[in-house]
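In the text below, chain A, chain B and the rest are named by the order of the sequence lines, each starting its count at 1.
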Number of protein chains: 2
Amino acid sequence: MKPSNTEVTKQITDVEHGDCLEINKILARIGEKWTILIILLLAYEPKRFNEIKKAINGISQRMLTVSLKSLERDGLLKRTVYEIMPPHVEYELTPLGQSLTQPINELVSWTRGHLSELKTARDNYDEQQLAKEGSGKTPWQKMAEPLEK
Amino acid sequence: MKPSNTEVTKQITDVEHGDCLEINKILARIGEKWTILIILLLAYEPKRFNEIKKAINGISQRMLTVSLKSLERDGLLKRTVYEIMPPHVEYELTPLGQSLTQPINELVSWTRGHLSELKTARDNYDEQQLAKEGSGKTPWQKMAEPLEK
DNA sequence: CGGTATCCGAGAAGATACTG
DNA sequence: CAGTATCTTCTCGGATACCG
């Protein structure tokens with residue numbers, strides 16, 4: 001589609017007409033509210049259901065069950081049931097899940113490293129939206145006022 | 001809080017009680033339906049609104065607007081309005097946005113590299129759920145049947 | 001061309017109650 | 001302990017219409 005000059009280009013052309021949909025679905029799953037927290041939590045040791053629930057602040061029982069099942073279904077974690085009374089269920093990352101912690105950690109690092117930049121950008125943006133009130137610009141620009149918050 | 005043996009451990013302890021919420025929000029944004037596609041699309045050259053719309057198959061006008069605004073608000077991309085008639089608006093990644101393409105591409109690579117594993121895992125899982133019918137196991141195991149699809 | 005505003009339906013997610 | 005079931009609420013995202 002265009003001469004390539006960076007490695008990125010290769011990615012793009014693949015993404016545009018390849019398994020793009022599949023990939024995006026996986027990435028959406030990773031971006032789901034609790035997935036990353038769970039994966040990172042289990043990254044260095046297996047945990048039991050209620051351990052995870054306690055460790056992750058604010059997750060409901062339902063969402064934990066659902067999330068764990070998704071991850072198990074994708075082969076990212078293994079569920080082990082010890083048939084004793086009372087029940088004992090352990091969750092741990094599979095090798096596949098472990099391998100995912102690498103790229104995830106890089107994303108987390110990136111985010112942590114740019115947290116202040118992101119916040120500053122947001123503040124600037126919100127501020128400018130407010131300032132747009134009566135800025136004597138052309139209608140093409142005034143239109144863009146979202147005026148929420 | 002256990003003795004650490006991998007780098008991951010450090011990440012975790014930070015995540016558990018730090019800016020964990022903020023980070024997760026950013027990651028959720030990245031996982032949103034169209035964000036990655038947009039970022040990757042703009043990674044190697046700026047594009048206009050309708051160019052993006054055409055390039056990304058299936059996105060609605062509304063969602064493109066919304067997504068672009070989120071990204072602009074976070075300082076990941078810049079919106080340039082050329083005040084001519086008809087209007088001409090260009091979107092391009094900021095340096096911050098560019099820097100994000102790296103970790104994202106690694107995530108994309110990981111996903112592409114493990115696509116078949118993921119699919120296999122899903123198929124296995126779904127198959128086993130069906131097989132659970134009358135498997136003479138303990139009630140603790142039979143309970144876990146979701147029986148959907 | 002590049003949006004905004006509004007309405008609507010589907011699915012995600014929370015709260016609560018119950019169970020092997 | 002580790003879930004399931006159900007109900008309700010909330011958010012996302014598509015369709016449509018309109019506008020500077």
Side-chain angles (χ1 to χ4, degrees), chain A residues 24-25 28-35 37-38 46-72 77-92 129 132 135-148, chain B residues 24-25 28-35 37-38 46-72 77 79-91 129 132 136-149:
Chain A
N24 202 46
K25 257 199 281 190
R29 158 151 355 271
I30 292 170
E32 273 166 20
K33 201 163 179 183
W34 308 108
T35 345
L37 262 12
I38 295 174
K47 288 202 185 298
R48 303 176 56 175
F49 187 87
N50 279 324
E51 278 184 300
I52 303 175
K53 185 153 181 276
K54 254 167 272 179
I56 299 182
N57 214 309
I59 192 170
S60 68
Q61 208 158 347
R62 194 185 108 91
M63 285 320 294
L64 182 54
T65 309
V66 171
S67 304
L68 289 172
K69 255 184 197 159
S70 294
L71 294 173
E72 190 194 354
L77 61 78
K78 195 178 73 151
R79 176 172 176 270
T80 310
V81 181
Y82 297 93
E83 297 182 34
I84 57 174
M85 194 62 177
H88 182 119
V89 182
E90 279 208 354
Y91 293 89
E92 65 184 317
Q129 294 313 310
K132 282 263 176 75
S135 69
K137 283 296 197 165
T138 83
W140 300 110
Q141 290 208 345
K142 293 192 62 85
M143 271 187 58
E145 298 169 28
L147 64 77
E148 44 100 56
Chain B
N24 202 48
K25 258 199 278 190
R29 159 153 351 272
I30 293 170
E32 273 166 20
K33 199 165 181 181
W34 309 106
T35 344
L37 263 11
I38 295 174
K47 288 201 185 301
R48 302 176 57 176
F49 188 87
N50 278 325
E51 279 185 299
I52 303 175
K53 185 153 182 279
K54 255 167 269 178
I56 299 182
N57 213 308
I59 193 170
S60 67
Q61 205 160 350
R62 191 184 110 90
M63 285 322 293
L64 182 54
T65 309
V66 171
S67 304
L68 288 173
K69 255 186 198 157
S70 294
L71 293 173
E72 190 194 355
L77 59 79
R79 176 173 177 269
T80 309
V81 181
Y82 298 93
E83 298 183 32
I84 58 175
M85 193 61 176
H88 182 118
V89 182
E90 279 208 354
Y91 294 90
Q129 294 312 311
K132 282 264 176 74
K137 283 296 196 164
T138 83
W140 300 110
Q141 293 207 343
K142 293 192 63 84
M143 273 186 58
E145 297 169 30
L147 66 75
E148 45 99 57
K149 164 67 180 59

Nearest to side-chain heavy atoms of A:N50, which nucleotide of C:dT4, C:dG3, D:dC1: D:dC1

Heavy atoms from C-beta onward define the side chain here; which of D:dT4, D:dG3, C:dG2 lies closest to that of A:F49? D:dG3

Under 3.5 Å: donor-acceptor pair, side chain of B:E72, backbone of B:K69: no

Give the rounded distance in Å between these two atoms: CD of A:E90 and C1' of D:dC1. 13 Å

Find the distance B:I56:CD1 to D:dG13:P and express it as a whole number of Å. 13 Å

Any donor and acceptor pair, going by atom type alone, linking the side chain of B:T65 with main-chain N or O of B:Q61 inside 3.5 Å? yes

Can you find a side chain N or O atom of B:Y91 that sits less than 4.0 Å from OP1 or OP2 on C:dG3? yes

Say whether, by atom type as modelled, one donor and one acceptor occur between the side chain of A:N24 and the main chain of B:K33 under 3.5 angstrom. yes

Gap between atoms CD and P, on A:Q129 and C:dT4 respectively (whole Å): 10 Å

So, does A:S67 use its side chain to make a donor-acceptor pair with the main chain of A:W34 at under 3.5 Å? no

Could you state the atom-to-atom distance from CG of B:L37 to P of D:dG13 in whole Å? 13 Å

CD of A:E83 versus P of D:dA2: gap in Å, rounded? 14 Å

From CE of B:M85 across to P of C:dG3 the rounded distance in Å is 14 Å

A:E51 CD to D:dG3 P, in whole Å, measures 13 Å

Report the distance from atom NZ of A:K47 to atom C1' of D:dC1, rounded to the nearest whole Å. 17 Å

Side chain to side chain contact (heavy atoms under 4.5 Å, CB included), that's the test. Do B:I52 and B:L68 meet it? Break it down for me. CA-CA 10 Å; B:I52 303 175; B:L68 288 173; 4.3 Å; yes

Treating primed atoms plus P, OP1 and OP2 as sugar-phosphate and everything else as base, which nucleotides of nucleotides 9-17 of chain C get B, S or - for protein heavy atoms under 4.0 Å? ----BBB--

Using side-chain hydrogen bond (donor to acceptor under 3.5 Å, both in side chains), reason through B:S70 and B:R29 one step at a time and then give a plain yes or no. CA-CA 8 Å; B:S70 294; B:R29 159 153 351 272; 3.3 Å; yes

B:Y91 pairs by side chain to side chain donor-acceptor pair (under 3.5 Å) with which of B:R79, B:K47, B:R48? B:R79

Name the closest nucleotide to the B:R48 side chain, picking from C:dC1, D:dC1, C:dG3. C:dC1

Does C:dG3 have OP1 or OP2 under 4.0 Å away from a side-chain N or O of B:K53? no

